[in-house]
Structure formats: structure tokens, C-alpha cells
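FYI, side chains are in, hydrogens and waters are out, and symmetry mates aren't considered; it's all heavy atoms of this structure. The first residue in the sequence is number 1, and the count goes up from there. From a predicted model like this one, the values you see are computed outputs, not experimental measurements.
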Amino acid sequence: MAYGKNIAIDGIDVTIRNLIKYNEAFYQQAIKIAENAAKIVENAGKQDAPVGKTGNLRKSIKRKKVDVDRVAYTVMPRFARGGRHRHLVAYGTGPRSHKKTGKNVGAMPANDYMSGAEAAAKPYFESSMRAEAERNVYI
């Protein structure tokens, strides 16, 4: 999926699940950290998104909590909010023309505008989760 990004850190998901089982305070803080990381991805994606006449693609980039029981968010252009052409922008198109008039509208080059958004949030997410885990792990 080129037009939406999921933040994933290898090995940390098992650790987070185990900490959540034993510590409600860690779970609540992890939700806040994940939401803040999703906000960073959302804002970075909006900055990098191309703007057409209506600006619908940029406006359609929203964050959404994946599940009530999990600490996970998705950030991508939402179809119902004007992001219906997100795949055309992300993957590009070949030469196109109108069927009725035959007018040539040309090709659209691929623009993976969401690729830098994940990289913007990853350092914040990793450092915040590590700091919170260190505070909540008692040996």
C-alpha cells in the first residue's frame, strides 16, 4: 500500500503486548504516544501531498484508530473524504484520453507523497515507547 503507511518496529510489538497485560498506565501512555505519532504522519503527509484545484487529496488524509484493544493507527487518504484518486497519484498513470472528445490528457507520473511521512514519526515513536517501557519495567 503506497498511499498509506503503518508504523511497525520489529520485536517491539510483543514487548508492548506483554507490558499492556501487566500495566494499565503503560497502555494508556502507549495510546497517547501512538496517537501523537499518527498526528505527525498525518501532518507530514498533508505537507507532501500534491494540491490540485480542489485540494481534496490533501484534505482527505486522516488518521484512524485500527482497533479499540490495540495500540495502532492507520494514516492515509480516506476514500469518502475526497481521496478517491489517491491510487492514481501514488502509482501514476499511462497516457490517457477522453472517450467522447478524444482529448489527450497525458500521463501522470507516480508521486509517493506518503513515503516521507512515516520516516518523520518513527524516531519520536521509538524513543517515546522505549522511555515509557523503561519507566514501567520493574526488575
### Query
Do Ser115 side-chain atoms and Asp112 backbone N/O form a donor-acceptor pair below 3.5 Å?
yes

Q | Expected output: side-chain Ser97 to main-chain Gly102 donor-acceptor under 3.5 Å | A | no

Are side-chain N/O atoms of Thr74 and Arg78 paired as donor and acceptor at under 3.5 Å? yes

Taking every non-hydrogen atom, the tightest pair across [X] and [Y]:
{"X": "Ala37", "Y": "Ala121", "value": "O-CB, 3.5 Å"}
{"X": "Lys59", "Y": "Lys62", "value": "O-CE, 3.3 Å"}
{"X": "Gly45", "Y": "Met114", "value": "CA-SD, 3.7 Å"}
{"X": "Pro77", "Y": "Tyr113", "value": "CG-OH, 3.2 Å"}
{"X": "Pro95", "Y": "Ala107", "value": "N-CB, 3.8 Å"}
{"X": "Val41", "Y": "Ala117", "value": "O-CB, 3.5 Å"}

State the [atom1]-[atom2] distance between [X] and [Y], to the nearest 0.5 angstrom.
{"X": "Asn111", "Y": "Leu88", "atom1": "CG", "atom2": "CG", "value": "12.5 Å"}
{"X": "Tyr73", "Y": "Ile31", "atom1": "OH", "atom2": "CD1", "value": "7.0 Å"}
{"X": "Asn36", "Y": "Phe125", "atom1": "CG", "atom2": "CZ", "value": "11.0 Å"}
{"X": "Ser127", "Y": "Glu132", "atom1": "OG", "atom2": "CD", "value": "11.5 Å"}

Quick note, salt bridge (charged side-chain N to carboxylate O under 4.0 Å, His left out) partners involving residues 27-47, not counting sequence neighbours, are Glu42-Lys46, Glu42-Arg63

Residues 96-105 vs salt bridge (charged side-chain N to carboxylate O under 4.0 Å, His left out), sequence neighbours excluded, gives none

Report task. Tell me, yes or no, whether the heavy-atom count around Lys65 atom NZ, taken from other residues, nucleotides or ligands under 6.0 Å, exceeds 12. Result -> yes

* Can you tell if the side chain of Ile61 reaches within under 4.5 Å of the side chain of Met76, non-hydrogen atoms only? -> no

| request: Give the C-alpha distance, both sets of side-chain angles, the deciding distance and a yes or no for side chain to side chain contact (heavy atoms under 4.5 Å, CB included) between His85 and Leu57. | output: CA-CA 8 Å; His85 62 296; Leu57 184 65; 3.8 Å; yes

